[in-house]
Amino acid sequence: MSEPTDPSDSVKVSRFTYRQLQGLRHGSTATPLRVVAHIDLDAFYAQCEMVRLGTPRETPLAVRQWDSLIAINYAARPFGISRLINVTEARKLCPDLVLQHVATFREGEGGRWAYRDDSFRNISTDKVSLDPYRAQSRKILQTMKEALAAWAVDENENENEHPKQELAAGLEKASIDEVFIDLSPLIYKTLLQRYPELQSGTQDENRDADLPIPPTTALQWDTDCLVDLDKHETEEDDPDWDDVVMLIGSEIVRSVRNAVWDKLSYTCSAGLGRNKMIAKLGSSCNKPNLQTVVRNRAVQNFLGGYKFTQIRMLGGKLGDQITSSFGTEKVSELLNVSLEQLRTKLDDHTASWLYGIIRGDDRSEVNPRTQIKSMLSAKSFRPSINSLDQADKWLHIFAADIYGRLVEDGVLENRRRPRVITLHHRTAQFRSRQIPIPKSNTIDEELLYDLAKTLLRQIVADGQAWPCSNLSLSVSSFEDGVSNNKAIEGFLVRGDQAKALSHVARPRATENAINEQPPADKKRRLDGGRIKQFFGNPSEDAVGEPQGVPQQPFTDSEDVTIPKYTCPRCLTLVSEYEKEEHDDWHFAKDLAQQDREESRASQPLPPPKSNPRGAAARGRGSRGGSTRGKTEKGQMRLAFQ
DNA sequence: GCCAGCGAT
DNA sequence: GGATCGCTGGC
């Protein structure tokens, strides 16, 4: 029954049009043919330790942080071990459990983290380091990008075709162990190769014509977990193109997961669906080491079984508010609430967004971003600390931690540099102060420490600084070192990715370090001249930089000099051979933008309100008035009412 | 630009 | 619960 064929038409046609197919090509978020994947490493920290220690997969293992567990591998879960219990209880449940403490920095031992067998007894002098996991995360991300690029090549026999970097770039690092990938453009290419008949009609005149029906009657889903179809759908119906693209997406994701396994021995789970929300829910359906496909015809059935509080952005106060307003947590029951009813309890924008999201409509973009936007180093104190002296010691560790990570990020080579430094401080409540990082200085550990100390003094001067239960230092507002043009940061990220991909043969040396403890005293080998060229003098030796391996700037010496070209539209410097691709990218982006504008009216943006480029400023201040006088300070400013 | 707060893993 | 990250909103 799912073939809404025009009865007057004797030939079966697809439910989809050439316009929608083009949407796939250009990464439109509105096309029903879109395919997004969410890939999630299984019990990530635990896997990192398994790989580092060479533990067999069947061995139960948990990662501990002080007295609690922060990751439990799948072999340990049948014993009833979860993050809710402590080390003692875990040992009781599973005497053979391997308990590995996270790496730590230690007061007085410079900025080097290490795995120490006594860290759990030194909560007062040690600070957790997540560096080993960040390093693994980067390697995995790189492997995923390579796998995507490889797919583009394999599927693309024609060598004259554009390079595939662009296709691999639609990858968003959502957290240390998760990524979203918008597979649409990659699938589009594959689709046209496998079904050349689709090429004929791609030209303008018949954009709204129906596509032909796929020449397949049954799809081979291999090892995928398929979510059951909606009530009135049946597997007997022939597949349409939205099923075919999902199958291709599934093949791509499998190849990515296989690459991660083959090269790095990590398993991951994945979800595929027509948007981020669906993909994200899907990836956790079948863990570990499986992928779940939510076809369009299965979306209602799929979502109907969830509590809406499990949907992205509804896990917090917003979700609670909705629950109490409508007396249910179930998606299936909230479906019975009309948009008007939603509007009685939520502001218009949130209501529209919610109405769509529980029906499977989510047009948020996969943000092609792999770079970090801020870095934070923190410590909770139990018991609280009471003096400037004590706090000072921690500032040293924070500065060393952050400096090490900045080095990894390329401060020395001047790829990126933070503009702001912030100190957070908690007594009864949180307070924070921030100041700009002087542009004239070379960023080094000392500078970070001095700035932090200044901030701490300010906070102390503000009063009520002790006892302090939490302290954290962070750097943010990163700017790109080379082009100095931050207005187009979105594109610069892609540029960086493209560069990274073009150097896949030379991965970051620092990322092989997880199997060893950080080298004790390896000195950084600075590439002298180039650095001062931008920010003054090169820093001193990076004492205590965690992983001690120098990193080559992409533009470094032994590379052939590549002719550069400055894009007149975004002023970005791209290599000559990337020019064509770059122009294509603008073109595609323009089309996608057009597309978005066309469909904007019907698609509310994510809550709570606002959208960076909301041209038609929805300045609606109409939230005022009524009740709720008892909102605590600073709490719950969401636009309910 | 500064700071607080929310949501997420 | 602890340590991170990203983002928005109010001034």
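Just so you know, these numbers come straight off a predicted model, no measurement behind them. A note on names: the letters A, B, ... follow the listed sequences, proteins ahead of strands, and every chain is numbered from 1.
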Report summary line: Between CD1 of I39(A) and P of dT9(B) the distance, given in whole Å, is 17 Å
**Report entry** Whole angstrom value for the distance that separates P of dG7(B) from CH2 of W353(A)
**Finding:** 11 Å
Report yes if a side-chain nitrogen or oxygen of [X] is closer than 4.0 Å to either non-bridging phosphate oxygen (OP1 or OP2) of [N]; otherwise report no.
X: K280(A); N: dT9(B); result: yes
X: K373(A); N: dC7(C); result: yes
X: S374(A); N: dC5(C); result: no
X: S380(A); N: dA3(C); result: yes

Under 3.5 Å, is there a donor-acceptor pair between the side chain of [X] and the main chain of [Y]?
X: K373(A); Y: S476(A); result: no
X: R416(A); Y: G410(A); result: no
X: H38(A); Y: A270(A); result: no

Report task. Can you label the angle between the Y266(A) ring and the F44(A) ring as parallel, tilted or perpendicular, going by 30° and 60°? Result -> tilted
Looking only at the side chain of [X] (C-beta and beyond, no hydrogens), which of the listed nucleotides [options] gets closest?
X: P436(A); options: dC2(B), dT9(B), dC3(B); result: dC2(B)
X: R382(A); options: dG2(C), dT9(B), dC7(C); result: dG2(C)
X: K127(A); options: dT4(C), dC3(B), dG6(C); result: dT4(C)
X: R134(A); options: dA3(C), dG6(C), dT4(C); result: dT4(C)
X: S432(A); options: dC3(B), dC7(C), dT4(C); result: dC3(B)
X: I372(A); options: dC3(B), dC5(C), dT9(B); result: dC5(C)
X: R433(A); options: dC7(C), dC3(B), dA3(C); result: dC3(B)

Requested in this report: Please step through side-chain contact (heavy atoms from CB on, under 4.5 Å) for the pair N289(A) and R257(A), ending with a clear verdict.
Outcome: CA-CA 9 Å; N289(A) 203 20; R257(A) 290 175 50 235; 3.2 Å; yes
**Report entry** Stretch residues 62-86 of chain A: residues that reach within less than 4.0 Å of DNA chain C through a heavy atom
**Finding:**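 DNA chain C contact set from residues 62-86 of chain A: Q65(A), I70(A).
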Query raised in the report: Does D118(A) pair with R106(A) as a salt bridge, N-O distance under 4.0 Å?
Result: yes
Report task. Would you indicate what K173(A) reaches in the nucleic acid, counting non-hydrogen atoms under 4.0 angstrom: base, sugar-phosphate, or nothing? Result ->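 K173(A): no heavy atom of the nucleic acid under 4.0 Å.
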Query - CD/Q464(A): more than 12 non-hydrogen atoms of other groups inside 6.0 Å - result: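 Check fails, neighbour count at 12 or below.
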